[in-house]
Amino acid sequence: AFYSKKPILSELDPVMGAVYNSKSTDEALGFLRKHGVTHILATPYYWPTFDRTIAKRILEDEEVCTVIAESDGWRLAKLLP
């Protein structure tokens, strides 16, 4: 899940296609920030829209994202400004 100014922006929302099809982390981050995304919630299980896309690289990049909570494999991360 991606959290923005809306209560939630689902990873299955059609607008997320722009993130999944991004050629670079910068391009994907630009889209997320444009849509007001501030946090990412990652599941402990395999999720194709996350694990097979650039979204996973964003979550793992400590220069753009920081994990603020973790429990039983769930991770809540905040995008850095």
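Computed from a prediction, not measured in an experiment: that's the story for all the values here.
Within the 3.5 Å criterion, the main-chain N or O of A18 finds a donor-acceptor partner in the side chain of S22. When atom types are taken as modelled, the side chain of N21 and the backbone of G17 share a donor-acceptor pair closer than 3.5 angstrom.
The shortest side-chain heavy-atom distance between Y20 and M16 falls under the 4.5 Å cut-off. The shortest side-chain heavy-atom distance between T53 and V19 does not fall under the 4.5 Å cut-off. The shortest side-chain heavy-atom distance between F31 and V37 does not fall under the 4.5 Å cut-off. Proximity of H39 to L79: side-chain heavy atoms (C-beta onward) are nowhere separated by under 4.5 Å. Side-chain contact between Y46 and P48: present, with at least one pair of heavy atoms (C-beta onward) separated by less than 4.5 Å. Considering only heavy atoms from C-beta on, F50 stays 4.5 Å or farther from T43 through its side chain.
V15 and L12 are assigned to two separate hydrophobic clusters, defined by single-linkage of ILVMFWY side chains at heavy-atom distances under 4.5 Å. W74 and V67 are not part of a single hydrophobic cluster, where members link through side-chain heavy atoms under 4.5 Å apart.
With sequence neighbours left out, the side-chain hydrogen bond (donor to acceptor under 3.5 Å, both in side chains) criterion links W47 to E11, T49. Remark: S24 pairs with D26, E27 by the side chain to side chain contact (heavy atoms under 4.5 Å, CB included) rule, at least two apart or across chains. Here K56 pairs with D51 under the salt bridge (charged side-chain N to carboxylate O under 4.0 Å, His left out) rule; sequence neighbours left out.
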Check the pair L29 / V64 against side-chain contact (heavy atoms from CB on, under 4.5 Å), numbers first and verdict last.
CA-CA 8 Å; L29 280 170; V64 297; 3.5 Å; yes
List the steps and the verdict of side-chain contact (heavy atoms from CB on, under 4.5 Å) for L32 and I58.
CA-CA 11 Å; L32 292 173; I58 291 171; 3.9 Å; yes
Show your reasoning for whether side-chain contact (heavy atoms from CB on, under 4.5 Å) applies to K78 and T38.
CA-CA 6 Å; K78 180 177 181 175; T38 58; 5.7 Å; no
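Separating the CG atom in L80 from the CG atom in D61 is a distance of 9.0 Å, to the nearest 0.5 Å.
Taking a 6.0 Å sphere around CZ of R52, one finds it holds 12 or fewer heavy atoms contributed by other residues, nucleotides or ligands.
The two residues A77 and C65 have their closest heavy-atom pair at CB-SG, 3.4 Å. For I54 against K23, the heavy-atom pair with the smallest separation is CD1-C, 4.4 Å.
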